[in-house]
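Encoded as structure tokens, the structure appears first; notes follow it.
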Amino acid sequence: MAKASRTEALLWSVALPGFGQLLNGKYIKGILLITLEFLINLKSDLNWVIITSFHGDIPTIDQTKMEWLMFYPCVYMFGIWDAYKDAGEELKPNASLPFSFGAFIGTIGVVFSKDFLGAVWLGLLGIGAGVIFGIGLRSILRYRSVH
């Protein structure tokens, strides 16, 4: 079986953490990430939160189990990073920054979602902002190392 491209592995992991690992032939890691995804999803009531959020009804924190939901951005972004890392040739320096900042700021978004936008929207915005910040920081560090 041909090795997956980085983009293909990344996109499958965006769909569900663990799918990119399965595509890369890392079956134990893939099954572990899928299991974690389902466990966190089930224990935090994430599907209910997603459904109500997409219908415009921002659920209150009482409707979620924050102690489980706070794990989700890190597991999600790790699954994407790991699939991306394993799919291609050698990585450039600081390639992990967009993924790690996405996980960090996404988790902060979930923590502060009680007061603004709810866990789904503020978590997603946090992941997006973290990825953009990480790309910018990675670019600055690469530019400085060349000059």
Side-chain angles (χ1 to χ4, degrees), residues 1-139 141:
M1 183 167 104
K3 199 163 191 173
S5 73
R6 280 211 166 120
T7 303
E8 185 179 15
L10 183 138
L11 291 175
W12 275 109
S13 286
V14 166
L16 187 74
F19 279 8
Q21 285 74 10
L22 295 178
L23 192 63
N24 289 336
K26 308 285 182 163
Y27 300 113
I28 293 173
K29 223 187 302 187
I31 291 168
L32 179 64
L33 281 166
I34 291 169
T35 303
L36 278 172
E37 152 73 24
F38 278 101
L39 179 68
I40 294 168
N41 194 314
L42 181 68
K43 293 288 191 176
S44 68
D45 294 327
L46 181 59
N47 281 346
W48 175 251
V49 174
I50 291 171
I51 291 168
T52 56
S53 293
F54 275 75
H55 284 197
D57 180 25
I58 304 300
T60 65
I61 292 304
D62 297 338
Q63 294 173 302
T64 63
K65 294 173 186 71
M66 290 298 285
E67 62 274 10
W68 281 96
L69 190 59
M70 285 176 32
F71 285 109
Y72 195 81
C74 292
V75 170
Y76 188 73
M77 292 305 292
F78 174 79
I80 296 169
W81 157 247
D82 186 68
Y84 178 80
K85 169 184 63 83
D86 285 346
E89 62 284 338
E90 189 175 331
L91 292 169
K92 294 181 180 176
N94 303 312
S96 65
L97 289 176
F99 303 95
S100 56
F101 275 99
F104 178 66
I105 298 175
T107 302
I108 290 172
V110 169
V111 169
F112 287 101
S113 65
K114 173 183 166 194
D115 302 317
F116 182 67
L117 286 180
V120 171
W121 294 113
L122 200 55
L124 286 173
L125 288 172
I127 286 174
V131 168
I132 291 168
F133 180 80
I135 289 169
L137 183 59
R138 182 187 65 193
S139 299
L141 292 173

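A donor-acceptor pair is defined here as one N or O able to donate and one able to accept, closer than 3.5 Å; no such pair exists between the side chain of Ser13 and the backbone of Leu10. At distances below 3.5 Å, at least one donor-acceptor pair connects side-chain atoms of Asn24 with backbone N or O atoms of Ala83. For Gln21 (side chain) and Ile31 (main-chain N/O), no donor-acceptor pair under 3.5 Å exists by modelled atom type.
Here Lys29 contributes atom NZ and Asp86 contributes atom CG; the two are 4.0 Å apart, rounded to the nearest 0.5 Å. Rounded to the nearest 0.5 Å, atoms OG (Ser100) and CZ (Phe133) are 10.0 Å apart. In this structure, CE in Met77 is found 10.5 Å from CD1 in Ile105, a value given to the nearest 0.5 Å. Taking CD1 of Ile127 as the start and CG of Leu122 as the end, the distance is 10.5 Å to the nearest 0.5 Å. Rounded to the nearest 0.5 angstrom, Leu16 CG and Tyr76 OH are separated by 9.0 Å. Put simply, NZ on Lys65 and CG on Leu42 are 8.5 Å apart, with the number rounded to the nearest 0.5 Å.
For the residue pair Glu37/Tyr72, the side-chain donor-acceptor check at 3.5 Å is satisfied.
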### Stepwise side chain to side chain contact (heavy atoms under 4.5 Å, CB included) check, Phe104 with Ile108
CA-CA 6 Å; Phe104 178 66; Ile108 290 172; 3.4 Å; yes
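Counting heavy atoms from C-beta on, the side chains of Val131 and Pro98 come closer than 4.5 Å. Side-chain contact check for Asn94 versus Leu137: every heavy-atom pair is 4.5 Å or farther apart. Within the 4.5 Å cutoff, no side-chain heavy atoms of Thr52 are placed close to those of His55. Put simply, the side chain of Leu91 reaches to within 4.5 Å of the side chain of Arg6, judged on heavy atoms.
Summarising the geometry of Ser113 relative to Val110, their closest heavy-atom pair is OG-O, 2.7 Å, with the distance given to 0.1 Å. Phe101 and Gly130 get closest at one heavy-atom pair: CB-O, 3.2 Å. The minimum heavy-atom distance between Ala87 and Ser5, with the atom names listed, is CB-O, 3.8 Å. Closest non-hydrogen pair, Pro73 versus Thr107, comes out as CB-OG1, 3.6 Å. In terms of heavy-atom proximity, Ile34 sits nearest to Gly18 at CG1-CA, 3.8 Å. Shown here for Trp12 and Gly20, the closest heavy-atom pair between the two residues is CB-N, 4.1 Å.
Ring pair Tyr84/Phe99: centre-to-centre distance below 6.0 Å.
Checking Thr35, Leu69, Val75, Leu46 one by one against Ile40, the side-chain contact (heavy atoms from CB on, under 4.5 Å) holds for a single residue, Val75.
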